[in-house]
There are 2 protein chains.
Amino acid sequence: MNTGNNMEFFFDPKSIAIVGASPKPGKASHVILENLKKIGYNGTIYPINPKYRHIGDLQCYRSLADIGDQIDVAVFVLPASKVIDILKGPVNNVRGAIIISSGFKEAEKGKWLEEELRDIVEKKGIRVIGPNCLGIYDAISRIDTFLVPTERVKRPKKGGLSILTQSGSFAVLIMDEMATEGIGIARIVSYGNKVDVDEADCLSFLSEDEATRYVLLYIESVENGREFVDMASRCTAKKPVIAIKVGKGEAGLHAARSHTGAMGGKYEIYRAAFKKAGIIEVDGYEGLKDACKVLDAYDMVHGKKVLIITDGGGIGVSMADACEELGLEVKRLTDDSRKSLSSRLPAFSATDNPIDLTASATDDSYFAAIEEGFLNGYDIAIVTVLWGPPTLTAGVVDRINEVMNSYNKPVIICSPGGEFTRKMGKLFEEKGMPVFLTPEAAVRAAAVLTGNGTRLN
Amino acid sequence: MNTGNNMEFFFDPKSIAIVGASPKPGKASHVILENLKKIGYNGTIYPINPKYRHIGDLQCYRSLADIGDQIDVAVFVLPASKVIDILKGPVNNVRGAIIISSGFKEAEKGKWLEEELRDIVEKKGIRVIGPNCLGIYDAISRIDTFLVPTERVKRPKKGGLSILTQSGSFAVLIMDEMATEGIGIARIVSYGNKVDVDEADCLSFLSEDEATRYVLLYIESVENGREFVDMASRCTAKKPVIAIKVGKGEAGLHAARSHTGAMGGKYEIYRAAFKKAGIIEVDGYEGLKDACKVLDAYDMVHGKKVLIITDGGGIGVSMADACEELGLEVKRLTDDSRKSLSSRLPAFSATDNPIDLTASATDDSYFAAIEEGFLNGYDIAIVTVLWGPPTLTAGVVDRINEVMNSYNKPVIICSPGGEFTRKMGKLFEEKGMPVFLTPEAAVRAAAVLTGNGTRLN
């Protein structure tokens, strides 16, 4: 909650010290050291541990003070009380610290330690991410302080999504999911207890960050609401910001308290703040995955008119329901449109909205239906291709892609089903069209693009 | 809507005629013929088409009347008006018909055809499934009238789930999903426009059907509410019945109308009927998949006390939120339990509920936490294993399975993440523990087991 924004160096540090570095493969500090190397961090790494002269091919230092140089970021993976001892000592060359250690505010006995920590770093002017966090994963500047091994948790490719999170496990999870889904990441900050750097600081940085195309926020609690709304508003003016608030009801709030020592506060207050700041709220882990997937592929749209196209009526009905629940408009096509469309579609097709191409659907019927919608003011098409109709070929993927590109409006693919369907889904993804495996997920994605988010009412 | 229940023969027919059978591989009737052979139907198949003497190795007949024998089930895949013509003709040896053809009530010009159809079959005493449907997939009696080729839509193995659905595309979808998920099926009935056989008839049959362990209903509309509630109540007294109602709001209702010609009616009325009949309502396609997956593995429980166990706080908070929203109880462990548990868990573990084993979790900590919960009256454990902690091994799967079997209570595995996590998830599934990929899905599954379903309020 430091005012200024003198924290950009976290995302481009010339040097990183690992306090408590160890040569033992099992140790957390060793995992971090390895991960920094693996990601290709190209500043100087200073392992620090009085017990060793070298760790791997790096010279090891007795203490932070021992390093003549200024240290941009010192990473701490030691017991809480040791962190305090070290920072209280003769440390004057550290700009920022990432304190991964737990045992602070979130633990009963650690509350005072965290107060002490706050005093020390404020006095010394050290900016701190954490404690009780994972720190930074940055695909742009190649930083990785996450203490999970890459064999177990994949690292995503470089991309436009930046993530801010109180929960470290959430950071790991979503990183792993994104890697598996092929969604690119710019920066992830796991800031845990937020003794200093908080979401407002990070939002302020990300709003100016060219590498960040959209932002995902995972929030258990916000302490300074006004600053949060200010910084978030600044960010949403430039790029989409999605948020998930956890710890909504009694049980959740209680759990959040013992997790990052978060104080909570009524959920309604958060909702109002999100609204005021122009943040798109998503509902749970599912909504959030869908949001990232669709924003990775498409820009936001300006209206809320959705055209639903299927070749199986039931799924269309489900999607119409889901659209309505999330405040999307499922307006009928005009009579003129329906007439002109009828001549291009199989007999028995339903041409209002949802459009049901029936089991006689062809590749061209998909093209025609989407075209008619985009020509007539629909903002998004949600398209389900069920592969039952023998008249459908893999060429439908190209036809859909073609009409999407011609009209430059987003087509969301809903592709529920089994093995064959999943295989065909990959064809859509290769063309850059995001595929969702359930009607609900496809509609959530559409709701994100309209700005409604997935938690209306 | 015929009163009696003289329709069991549909699920054990001695003979099946395919009216309009064709030797051409692309044709729907050909697909059905092939699928009947593939599934191993062991009654007599009668292809009917005046144009052919043989189709494959089967003798082909000119007409239904031409077959001396009684025909238990005649499958129609001809244009609507032809179906009428044939049934109006000299047909006196057919007990039941599956009319797959569309172009009846759901199409503007087909309303009168459907009335005519109803009159004819009532007069002749022919029971009818359809029209505008896919008919029957029956893994017990080996019947498959679904006109989708097995290359595109996999058939599931034999199991305890029976599905009743107005929507054919839904039947195909969910069948394909179940096959891919490894969930077993007893019978699927896709009855489309329900000119005769409806959900009440089928529920009455399934309530007595020993092969059916639980029932899934997909409903756009119910015409005879009282009969439905009666038959459903009879069924729920013996086995769980899950339902999804689609066509909830304006857009959905409108879509349903043009889909199976369903008249709809207020959603609230359906909810009341479900409640009265003891039906578990699920919300959308996702809720329904989760329900089938969990009921495939576990029996219903009698209470609503859920214990949440994780090794990553954030995910625990999300699950507590989701539990609360679906009316599950996330009660804290007693102080005695917490004390006894503390000695068995890593330092800094949160021991209330959710239990957070932290990044120091071991295989044994999972065992201890679940045991403590089951010893103290919790009905279900939802367990998330995030694979970050290096202290965790694949052996945790056995430990969790062991404690589950000792106490004979369901453990639901929540396993979000990427590649490694999905691989480990398979280990749980091999032991018969269902794995869900998001916190929301795991909680929906728990809500189904308690009978709350996923659409509380």
Side-chain angles (χ1 to χ4, degrees), chain A residues 26 102-103 107 148-149 151-154 167 169-170 172-173 176-177 179-180 218 220 246-252 254-256 258-260 284-286 312-318 320-325 330 348 350 352 354 356 358 386-388 390 416-421 438-440, chain B residues 26 102-103 107 148-149 151-154 167 169-170 172-173 176-177 179-180 218 220 246-252 254-256 258-260 284-286 312-318 320-325 330 348 350 352 354 356 358 386-388 390 416-421 438-440:
Chain A
S102 53
V148 283
E151 298 83 56
R152 290 200 171 183
V153 176
K154 276 175 83 175
S167 161
S169 64
F170 173 80
V172 169
L173 264 186
D176 198 16
E177 288 258 9
T180 303
Y218 170 99
E220 289 182 3
V246 303
K248 293 189 190 105
E250 251 323 294
H254 180 80
S258 70
H259 177 218
T260 47
Y285 190 71
E286 289 170 351
I315 204 97
V317 184
S318 292
D321 280 342
C323 280
E324 215 155 356
E325 285 188 8
V330 188
F348 302 123
D352 24 17
D356 179 1
T358 77
L386 304 177
W387 293 93
E419 230 163 61
F420 180 83
T421 305
T438 66
E440 292 84 17
Chain B
S102 52
V148 284
E151 299 81 58
R152 291 199 170 183
V153 176
K154 276 174 83 175
S167 161
S169 64
F170 174 80
V172 169
L173 264 185
D176 198 17
E177 288 259 8
T180 303
Y218 170 99
E220 289 183 3
V246 304
K248 293 189 190 107
E250 249 325 293
H254 179 80
S258 70
H259 178 217
T260 47
Y285 191 71
E286 289 170 351
I315 205 96
V317 183
S318 292
D321 280 342
C323 281
E324 217 154 354
E325 286 187 8
V330 188
F348 303 123
D352 22 20
D356 179 1
T358 77
L386 304 177
W387 293 94
E419 226 162 64
F420 181 83
T421 305
T438 66
E440 291 84 19

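So that the names make sense, note that chain A is the first sequence line, chain B the second, and so on, each numbered from 1. Nothing here was measured: the structure is a model prediction, and the numbers come from that model.
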> Among residues at least two apart in sequence or on other chains, which ones pass side chain to side chain contact (heavy atoms under 4.5 Å, CB included) with B/Ser102?
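Side chain to side chain contact (heavy atoms under 4.5 Å, CB included) check on B/Ser102 returns A/Phe348, B/Glu106, B/Asn132.
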> Check whether A/Leu386 gets within reach of chain B through its side chain, its backbone, both or neither, counting any heavy atom under 4.5 Å.
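It is the side chain, since no backbone atom gets that close.
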> For chain A, find which of B/Glu151, B/Glu286, B/Glu177 contributes the most heavy-atom pairs closer than 4.5 angstrom.
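When all of B/Glu151, B/Glu286, B/Glu177 are compared, B/Glu286 has the most.
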> Give, for atom OG of A/Ser318 and atom CD of B/Glu220, the distance between the pair rounded to the nearest 0.5 Å.
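Between A/Ser318 OG and B/Glu220 CD, I get 8.0 Å after rounding to 0.5 Å.
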> Tell me, please, which residues at least two apart from A/Phe170 pass ring-ring contact (aromatic ring centres under 6.0 Å, His included).
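ring-ring contact (aromatic ring centres under 6.0 Å, His included) list for A/Phe170, sorted by chain: A/Tyr218.
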> Mind ranking B/Pro439, B/Pro416, B/Gly388, B/Gly284 by heavy-atom pairs under 4.5 Å with chain A and telling me who comes out on top?
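That would be B/Pro416.
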> Run A/Tyr285 and B/Glu440 through side chain to side chain contact (heavy atoms under 4.5 Å, CB included) and show every step you take.
CA-CA 7 Å; A/Tyr285 190 71; B/Glu440 291 84 19; 3.4 Å; yes
